[in-house]
Amino acid sequence: MTTAATSPVSKTKSANSSSSSPSKRIFNFSAGPAVLPEEVLHQCQQDIWNIFDSGIGIMEHSHRGPVFDRVIDEAKADCRQIANISDDYEVLFLQGGATLQFAMIPMNFLSPETTADYPDTGVWTTKAIKEAKLFGKVNVAFEGSKVGYAYTPSDSEIKQTPGAVYMHYCSNNTIYGTRYPKMPSSNSPLICDTSSEMFSRPIDINKHAMIYAGAQKNLGPSGVVLVIMRKDLIAKGKKNLASILSYDNHAKNDSRLNTPNSFGIYVIGQVFKWILKQGGLTAIEKRNADKAKLIYDAIDNSGGFYKGVARPDSRSHMNVTFRTASEELDKKFIAGAAKLEMDGLKGHRDAGGMRASIYNAFPLQGCKVLADYMKDFASKNG
Ligand SMILES: Cc1ncc(COP(=O)(O)O)c(C=O)c1O
């Protein structure tokens, strides 16, 4: 069996490694913060010390100086190129993670006399619904809790409200490992939390009024959230808000209303360059599908030893969730995987079992190692 120790990943030595810094990396299946591209990490090592030959590291530069101007301008331009984002949209880098967006969206656009639609497909949409109820009427347009959050709804299963001010959905449900195979249709402006699959497959920006993603899965460090928002929606935001909670203020100040997470934005910019180098979203989607197939095949060909949590037509390509017949066996599986240098496979406490998070930067080799281990474990414990 191949292990992490024999993979090309583990052989990569960091550019600046000293005798005390560990050079070996293992397979990191963490749901987030999660694996980043090795090339990006190496570039970060250099730029933390001295970026663009300025003699100053990226974290030490003023957020209003020419070096950071270049960093944020390139990040926005690359983001636009990746997803073909037109001038009708703003690209913003905000703080507070995706969770602040759960509150900021209704705070800006929902009122006691208006309704927003929220299909509930898991823990993160449930949290978003809770926040929205503080500001206005919420129609839970699909109740995923009734089906154990095992799948995402088809258009006909989503009960929309005529005249809703927006519909909010989560394209990939990190905890249960489900995704919308195709984006839902909506009669109202569509808002998507795509935190756990941002830029893992092509996304039709023009069909959305807003897309947001906490960075720590596919984009960079935690804390930053990428927001892509149509300008006409921004203009509809309430005017009597605290300045830091208004999208309009953030847009007018080029994401620099106050001191932004400049390092986080820099890393995201590097990840965007890496995505472009990989061939963009179509190439990334294909690689992710190949990676996910290896693990789903190991589930499906196990003769029932492993059970997938998600209904097959809703299976996520980012978070693969599965269980054995008992919690004891799940624990044994996770302990055995750790010995083979596979980390982060324990499922979320709400879903149990195992979860393999295999974001864009996670190597194909790691999926092969896991699939081999799954076969081996099933044959010894079945
Ligand atoms: C789909 C989704 N939305 C929102 C969040 C919350 O993100 P944050 O911790 O950045 O607030 C997460 C975190 O895992 C997530 O997976």
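Any value given below was found using the heavy atoms of this structure, including those in side chains, with hydrogens, waters and symmetry copies removed. Here the structure is a predicted model, which means the values were calculated and not measured. We count ligands from 1, going down the list as the structure has it; atoms in each ligand are counted the same way.
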Would you say the ring centroid of Tyr118 lies under 6.0 angstrom from that of His168? yes
Considering only heavy atoms of Gly97, which atoms of ligand 1 have at least one such atom less than 4.0 Å away? 10 (O), 11 (O)
Provide the number and element of each atom of ligand 1 under 4.0 Å from a heavy atom of Cys170. 1 (C)
Should the ring pair Phe305 and Phe377 be called parallel, tilted or perpendicular, given that the plane angle runs from 0 to 90° and is split at 30 and 60? perpendicular
Just by distance, with hydrogens left out, do Thr126 and Asp120 show a side-chain donor and acceptor under 3.5 Å apart? yes
Of the protein's non-hydrogen atoms, which lies at the shortest distance from atom 6 (C) of ligand 1, and what is that distance? Trp124 CZ3, 3.5 Å
So, 4.0 Å and heavy atoms of Gly32: is ligand 1 close enough to count as a contact? no
Tell me which protein heavy atom sits closest to atom 3 (N) of ligand 1, plus the residue, atom name and distance to 0.1 Å. Asp193 OD2, 2.7 Å
Contact (N/O only, under 3.5 Å) between Asn172 and ligand 1: no
Looking only at distances, can you tell me whether any N or O atom of Phe102, backbone or side chain, sits closer than 3.5 Å to an N or O atom of ligand 1? no
Taking only heavy atoms of Ala98, which atoms of ligand 1 are found under 4.0 Å from at least one of them? 4 (C), 5 (C), 6 (C), 7 (O), 8 (P), 10 (O), 11 (O)
Which bit of Ser195 gets closer than 4.0 Å to ligand 1, counting heavy atoms only: side chain, backbone, both or neither? side chain
N-O pairing of Lys368 and Asp372 below 4.0 Å: no
Is the distance between the ring centroids of Phe199 and Phe272 under 6.0 Å? yes
Is it true that atom NZ of Lys146 has more than 12 heavy atoms of other residues, nucleotides or ligands lying nearer than 6.0 Å? no
Please identify which atoms of ligand 1 are closer than 4.0 Å to at least one heavy atom of Thr174. 1 (C), 2 (C), 15 (C), 16 (O)
Can you report which non-hydrogen protein atom sits closest to atom 10 (O) of ligand 1, along with the distance? Gln216 NE2, 3.0 Å
Under 6.0 Å between the ring centres of Tyr373 and Phe333? yes
Distance from atom 11 (O) of ligand 1 to nearest protein heavy atom, with residue and atom: Thr99 OG1, 2.5 Å
Near Asp297 CG, under 6.0 Å, is it more than 12 heavy atoms from other residues, nucleotides or ligands? yes
What residue and heavy atom of the protein are closest to atom 14 (O) of ligand 1, and at what distance? Lys217 NZ, 2.7 Å
Would you check if there is a donor-acceptor pair between the side chains of Gln216 and Tyr359 at a distance under 3.5 Å? no
